[in-house]
Amino acid sequence: MLGRLVDWFSAPAQWSGPQAIPARVLEHLGYTLLAVVIAAVIALPLGALIGHTRRGELAVVGVANGLRALPELGVLVLFVLLLGLGLLPPTLALVLLAIPPMLAGAYSGVAGADPGAVDAARGMGMRESQILLQVEVPSAVPLVLGGVRFATLQVIATATIAAYVGLGGLGRYILDGFSVRDYPQVLGGALVVAVLSIVVELVLQGLGRLVTPGPDRARLRRAPHPVTTREVSP
Amino acid sequence: MRAFGYDIGELVVAHVLLALVPVLVGLVIALPLGWWAHRSPGARRVLVPLSGALYTIPSLALIVFIPILVGTPILSPLNVGLTLVIYTVALLVRSVAEALDAVPVTVTTAAVAVGYQPSGLFFGVQLPLAVPVLTAGIRVASVSAFSLVTVGALVGVQSLGTLMTDGFQQAYPAMVAAGIIGSIVLAFVFDALWLALGRALTPWVRARTGV
């Protein structure tokens, strides 16, 4: 099997053309970026606002936890059956799945800002918008990035499944190979998407370290993994 | 109970078994590994990043890797089960280590002073005190498992996910919706059970907070 896997990787068809590995990787990253950016535009401001005003906290916790139980495959299939084929329906499903972790990250980051610093800012006469943007948001960066990272990895995984509803990307190798019992292709695709996920995770981790101010770095390291902070404490 | 040409009861039982058993097996494996990571900084430096990397691998990729790694047949439900065991262990190793870290040193040293042996210390003192943090981790693992089981339908493993794939082939949204709702309800039911179990095992938490 290993030999056939090497053969699959070394075949010229895997390295040029629209179904080659580089093209599929770019496709996969394209879907991921599109969904994560749309979800971030919705979830991050909303989460920050809720964290600042503390209005709708219960809703954010409920939505974040509730959406986690959604089976990705079912959501993808239902969106495609109801809205039709093409790029938009699966992308909307990916956006829906990317929102909860980012919403929770932005909310808990802003809500968890040092109350002393927030009070001091208010005492100095800062407006609420200034407090949010200059005090709370900077201190929320580590948790926001944790949420973005988790959402991105979830989208990469779900985009793989989305090959079932006609999307391109790396899931194509796995599902197409599976349907014709071409197992080297299945494994090759699985290997590429696994490596891609780990590389993206490492890049986002590195980015997180880069944009986190020095004293916060230890905090970032100690910060609970977004997966395990299921209940966002108010 | 039959609907959409399926014995729904059979699909529900398959779904529950395929999600629940791996979480239990994963918990049993994660306890000693987490204890090891708690005791040894060297072990932690290896185990925590390794679990992080495993958790990162997309489910569909992991499901198709398993037959090569352990030699199971390519269509076996074991591939889905083992994938979920791996995710559960990956998630819980860190949970267990952090839960044990959170047990105050004064408590463990006092237990040693009154004569607890290492095994008694772990099962009688550290583990009970770690239950609240551990329960939170198990609940995440359990909810994800109930949703991820459905991915197995893509490689022919029966669960409520079968309603999703076959509903797609037949262009029958109600069938897909039934699969989604069933899967969510099962996830919530078992989530509530884990929560209740965690509370039942830690009566002192409620006594202290007076809730």
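- Separating the CD1 atom in B/Ile74 from the CZ atom in A/Arg181 is a distance of 9.0 Å, to the nearest 0.5 Å.
- The two residues B/Pro173 and A/Leu78 make their nearest non-hydrogen contact at O-CD1, 3.7 Å.
- Most heavy-atom pairs under 4.5 Å with chain A, from the set B/Leu160, B/Val176, B/Ile63, B/Leu186: that is B/Val176.
- Residue B/Val155 touches chain A through both its backbone and its side chain, counting heavy-atom pairs closer than 4.5 Å.
- Summarising the geometry of B/Val64 relative to A/Leu187, their closest heavy-atom pair is O-CD2, 3.4 Å, with the distance given to 0.1 Å.
- Listed options B/Ala141, B/Ala61, B/Ser59 were ranked by heavy-atom pairs under 4.5 angstrom with chain A; first place goes to B/Ala61.
- Of the two parts of B/Ile138, neither the backbone nor the side chain holds a non-hydrogen atom closer than 4.5 Å to a non-hydrogen atom of chain A.
- Between chain A and the residues B/Leu62, B/Ile57, B/Thr165, the most heavy-atom pairs under 4.5 angstrom are made by B/Thr165.
- Both the backbone and the side chain of B/Phe65 come within less than 4.5 Å of a heavy atom of chain A.
- Neither the backbone nor the side chain of A/Leu196 comes within contact range of chain B, judged by heavy atoms closer than 4.5 Å.
- Under a cut-off of 6.0 angstrom, the local environment of CD in A/Gln19 is sparse, with at most 12 non-hydrogen atoms contributed by other residues, nucleotides or ligands.
- In the displayed structure, B/Trp36 atom CH2 is contacted under 6.0 Å by at most 12 heavy atoms of other residues, nucleotides or ligands.
- Contact between A/Leu73 and B/Gly161 at its shortest, heavy atoms only, is CD2-O, 4.4 Å.
- Between B/Ile180 and A/Val75 the shortest heavy-atom distance is CD1-N, 3.9 Å.
- A 6.0 Å sphere centred on CZ of B/Arg199 holds no more than 12 heavy atoms belonging to other residues, nucleotides or ligands.
- Contacts between residues 169-179 of chain A and chain B, counted as heavy-atom pairs separated by less than 4.5 Å, involve A/Ile174, A/Leu175, A/Phe178.
- The heavy-atom pair separating A/Ile198 from B/Thr56 by the smallest distance is N-CG2, 3.8 Å.
- Across B/Ser147, B/Ser183, B/Gly156, B/Pro67, the residue that shares the most heavy-atom pairs under 4.5 angstrom with chain A is B/Ser147.
- The two atoms that bring B/Gly167 and A/Leu81 nearest to each other are O-CD1, 3.7 Å, heavy atoms only.
- Ring geometry, A/Tyr164 versus B/Phe168: the interplanar angle falls from 30° to 60°, so the pair is classed tilted.
- Contacts between A/Val165 and chain B at a heavy-atom distance below 4.5 Å involve backbone atoms as well as side-chain atoms.
- If you measure heavy-atom distances from B/Ala187 to chain A, the contacts under 4.5 Å come from the side chain alone.
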